[in-house]
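A short write-up of the structure that comes next.
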Amino acid sequence: MPQLLSRYATPFVTGLFLISLVTGVALYFHVGPSAFHSMHEVLSMVLIVPFVLHLWKNIRPFSNYFKRLPMQLALVASLALAGLFFLPAASTGSAGGPPQFALARQMLSASPASVAPVLHTTPDALVARLKAAGFAQADASTSLNEIARGAGKTSEAIARILIQAKG
C-alpha cells in the first residue's frame, strides 16, 4: 500500500494543484461558476494529503533545499507577502473586480427601504418577499447583508431574491 500511495502522490499533487490554480485565478477575477468557490476550498484541503505523501517520498532531496539560500529567501519572502494582508490598509474589506460587482456590494450594504425604488417595488413588498424566502428578521431599515447574516444565508441568496423582486 505505501508503494501505491507513493506512486500516485506526485500525479495527485499535480492534478489537484492545477484545479486549485484554475479555480483560484477564476475566483480572483470573479469569473466562472459559483461552484468554483467550494471546489477551490475543498480540493485545496484534499491537496494536503498527496502533498504530504510527496514530501514523505522525497524527504531527503527536499530537506537539502532548506540548507540553501534560495529556499530560505523564498520562505522569508512568502511569509512577508502573506503578512502584508494583515496590515490595516490591505484589509479594508473592499474587494476589487469589475464595477458591476462593486455596485452589487454597495446595494447589498443598503437597506430594503433604499433598494426597493431601484427594483421598482415598495420597501414593504420587498421585506415581505424576503421574509417569505426565509429571511425572517428582515425589516426595511437593516442592511441586506445583515439580514442575510441574521438568517444564516449568503449575500448571493439575498441577491437572488432581489433580482426576482424587480418590476
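Scope of the values below: all heavy atoms of this structure, side chains included, with no hydrogens, waters or symmetry mates. Residue numbers count from 1 along this sequence.
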Show the nearest heavy-atom pair for residues [X] and [Y], with the distance to one decimal.
X: L130; Y: P112; value: CD1-CG, 4.1 Å
X: F12; Y: L47; value: O-CD1, 4.5 Å
X: V31; Y: F36; value: O-CD2, 4.2 Å

Per-pair distances, 0.1 Å, donor-acceptor, side chain in residues 143-153, under 3.5 Å, sequence neighbours excluded:
from, atom 1, to, atom 2, distance (Å)
S143, OG, E146, N, 3.1
N145, ND2, L108, O, 3.3
K153, NZ, A133, O, 2.9

Item to complete: Please test D139 against S141 for side chain to side chain donor-acceptor pair (under 3.5 Å), starting from the C-alpha separation and ending with a verdict.
Response: CA-CA 6 Å; D139 66 69; S141 61; 3.0 Å; yes

Practice prompt. Using a 4.5 Å cut-off on heavy atoms from C-beta on, say whether the side chain of Q137 contacts that of T142.
Written response: no

Worksheet item: So, S44 side chain and E41 main chain: donor-acceptor pair closer than 3.5 Å or not?
Response: no

Fill in: Whether S20 side chain and L16 backbone form a donor-acceptor pair below 3.5 Å
no

Decide whether [X] and [Y] are clustered together by the hydrophobic rule: side chain heavy atoms of Ile, Leu, Val, Met, Phe, Trp, Tyr closer than 4.5 Å, transitively.
X: L18; Y: F29; answer: yes
X: V25; Y: Y28; answer: yes
X: L43; Y: V22; answer: no

Roughly how far, to the nearest 0.5 Å, is [atom2] of [Y] from [atom1] of [X]?
X: T10; Y: F17; atom1: OG1; atom2: CZ; value: 14.0 Å
X: H40; Y: M45; atom1: NE2; atom2: CE; value: 11.5 Å
X: F135; Y: R129; atom1: CZ; atom2: CZ; value: 12.5 Å

Item to complete: Report the residue from L119, V118, D124 that forms a side chain to side chain contact (heavy atoms under 4.5 Å, CB included) with T121.
Response: L119

Worksheet item: Can you name the one residue among V46, V52, L53 that meets side chain to side chain contact (heavy atoms under 4.5 Å, CB included) with V49?
Response: L53

Worksheet item: Please walk me through it: do L126 and L162 pass side chain to side chain contact (heavy atoms under 4.5 Å, CB included)?
Response: CA-CA 8 Å; L126 184 54; L162 294 178; 3.8 Å; yes

Could you give the side-chain donor-acceptor pairs of residues 65-85 under 3.5 Å, partners two or more places apart or in another chain?
from, atom 1, to, atom 2, distance (Å)
K67, NZ, N64, OD1, 3.4
Q72, NE2, F66, O, 3.0
S78, OG, A74, O, 2.8

